[in-house]
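Have a look at the structure below before the remarks.
So that the names make sense, note that chain A is the first sequence line, chain B the second, and so on, each numbered from 1. Small disclaimer: the values here were computed from a predicted structure and weren't measured. Excluded from the calculations below are hydrogen atoms, water molecules and symmetry mates; all remaining heavy atoms, backbone and side chain alike, are included.
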Protein chains: 2
Amino acid sequence: MNRQQRLSSILELVVEKGSVEVDDASRILGVSAATIRRDFDVLAKRQLLTRTHGGAVATGSSLGLPLTYKVAKDDKVKQRIAKVAAEMVTRHQIIGINGGTTSTEVARALAARTEFAPSDSQEHSPALTVVTNAVNIAAELTVRHQIKIVVTGGVARPQSYELTGPFAEEVLKEVNIDITFLGVSAFNPIMGAAANHEDEAKVNRQMVQRSKKVVVIADSSKFTRTAFATICSADQIDTIITDSGTDEEMLKKLRQLGIEIIIA
Amino acid sequence: MNRQQRLSSILELVVEKGSVEVDDASRILGVSAATIRRDFDVLAKRQLLTRTHGGAVATGSSLGLPLTYKVAKDDKVKQRIAKVAAEMVTRHQIIGINGGTTSTEVARALAARTEFAPSDSQEHSPALTVVTNAVNIAAELTVRHQIKIVVTGGVARPQSYELTGPFAEEVLKEVNIDITFLGVSAFNPIMGAAANHEDEAKVNRQMVQRSKKVVVIADSSKFTRTAFATICSADQIDTIITDSGTDEEMLKKLRQLGIEIIIA
DNA sequence: AAGCATATGATTGTTTATGCTCACTTTACT
DNA sequence: AGTAAAGTGAGCATAAACAATCATATGCTT
């Protein structure tokens, strides 16, 4: 266990429980209290937590986006969600996909759909058209000949690989999408779907507007989180695909808004 | 086990487990700790992992891409050409890059320019702006925070990863490029620069027109080949970077056209 | 085949991370 | 308020990791 991992673990602890004691952290992580204090200090300096006597508490920024520290471990959950999403798609549809880890899994699941594989009879129209503003998704899918990839232009954001800005918006004005699979940073009935950055939110919003049907793909953690920039209100969402970890109360509220809920 | 394989293996380890110790990597790969440290350093410079004392941890960006994009193939000739090309670039310039293997090497060489690495002083303007219609290049460079990536929209072509079509052309109308590095399928004094597909040729042509200076990057085999679609005539090219395998007669003709020839 | 560039491993002095002690401060309890 | 207990920061010692350097080996170019 090196320092970075320890810092990451401390952040997880503090975000999950709201606060941590020096002693507890010391015991859990197997290092001396002095080391924990030093760790707290560096995280406090980065404003990722606030020191207290005997421990540390979470700050607003630590709840928002500890992306560098986050380890991708919900893979299984996301893959199941993605598989269900991919099964909603039928031949010749136009599919919109934005950026993010869940969206990337949907793209992979789409590519794995064997029905879309090239057939002997040389078809002229592609089996599927995917419109995306995520360059990593575009790069991955480009090798599949049976899928036509349309990329919005724009400026690439390092964290999410999403293209944003006026170029992306211009392109999106000119396309018509059957289903958009929308990955979000946070979702709840009041604020709707939200992303971490206003530029991303804007492009995603436009993708939603150009789409006949919008499917939000979100593991259960997204419903207890908040994010800076709203993409669209909850009533613009047709369907949500999530996992079984979501609170029943939340699901009820969402259903009351007329949203179809699918548990993957 | 050569270096490239080792770098690739290290990335696999770090992506799978989230972090690796120098000692473990040294034992697993059967090389000295000094070598592992050097390997970590080059991967850290590419921002594919983050160094820690005693090891390295995965960065957010190392999680997204399949390994084939991360591990550079070993084409010595193209790499030398690319290195010379990258050295023509100065800070804050706007660089255009089209698709293809040579172009991809130029992008990698640009990313390796240490002068562009992020400095302590938080600069607001990016060290470099890269405009490209190749999604693989965009995906690779997106992780480098010091480079601003502008992607033309368009439809992706499987063979070259290039985006083509009206969306790409609309975006290119609105940008101004200092230097375009133009990878070609074939080049000679009579037909000029040529690509394998008319759509690619059209987009590349537009990139040339939006650019103050155009540098063709072409290994010597390109001068004895032909290709279907012309991008532009030879007199629109300012400079050609090639290897020493090119026929003297050909070089003479090119120089007569006022083209600067650089042998990498 | 000679020569040059690159890759690797070993060595050495330097830096960093960690745990421990101790003098001091904050908190909690009577 | 006064006192005990817990927490803290500073300094110090140790072991691990590191960067720099050099020597050797490997491989590519001419």
So how far is it from [X] [atom1] to [Y] [atom2], rounded to the nearest 0.5 Å?
X      : Y      : atom1 : atom2 : answer
A:R6   : A:R38  : CZ    : CZ    : 9.0 Å
B:D39  : B:L49  : CG    : CG    : 10.0 Å
B:Q159 : B:N196 : CD    : CG    : 9.0 Å
B:T129 : B:I147 : OG1   : CD1   : 9.5 Å

Check: [Y] main-chain N/O paired with [X] side-chain donor or acceptor under 3.5 Å:
X      : Y      : answer
B:T142 : B:A138 : yes
B:D243 : B:S220 : yes
B:R205 : B:T230 : yes
B:T52  : A:Q4   : no
A:R51  : A:G55  : yes
B:T242 : B:I263 : no
A:S26  : A:V22  : no

C:dT8 C1' sits how many Å from B:R3 CZ, rounded?
9 Å

Rounding to an integer number of Å, can you tell me how far A:K45 NZ sits from D:dG9 P?
12 Å

Expected list for residues 34-41 of chain A near DNA chain C, using heavy atoms below 4.0 Å, is A:A34, A:T35, A:R38

Strictly below 4.0 Å, N to O, side chains only: are B:E87 and B:K83 in salt-bridge contact?
yes

Are B:D238 and B:K213 within salt-bridge range, i.e. N to O under 4.0 Å?
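Answer for the salt bridge query: no.
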
Which parts of residues 20-29 of chain B get close to DNA chain D, meaning a heavy atom less than 4.0 angstrom away?
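Output list: B:V22, B:D23.
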
Name every residue in residues 216-223 of chain B that has at least one heavy atom under 4.0 Å from any atom of DNA chain D, in order of residue number, or write none if there are no such residues.
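Residues of residues 216-223 of chain B that come under 4.0 Å of DNA chain D do not exist, since none gets that close.
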
Quick check on DNA chain C: between A:H53 and B:K83, whose nearest nucleotide comes earlier from the 5' end?
B:K83

Could I get a table of every N or O pair under 3.5 Å where one atom is in the protein and the other is in nucleotides 24-30 of chain D?
none

With each end axis built from five pairs of C1' atoms, what bend angle do you get for the helix from C:dA1-D:dT30 to C:dT30-D:dA1? Round to 10°.
40°

Partners of B:N98 by side-chain hydrogen bond (donor to acceptor under 3.5 Å, both in side chains), sequence neighbours excluded?
B:S103

Given salt bridge (Lys or Arg N to Asp or Glu O under 4.0 Å), test B:R157 with B:D199 step by step and report yes or no.
CA-CA 9 Å; B:R157 298 201 67 239; B:D199 293 342; 5.3 Å; no

A:R6 side-chain proximity, nearest of D:dA17, D:dG9, C:dT18
C:dT18

B:V31 side chain, from C-beta outward: closest of C:dA17, C:dT27, C:dG9
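That would be C:dG9.
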
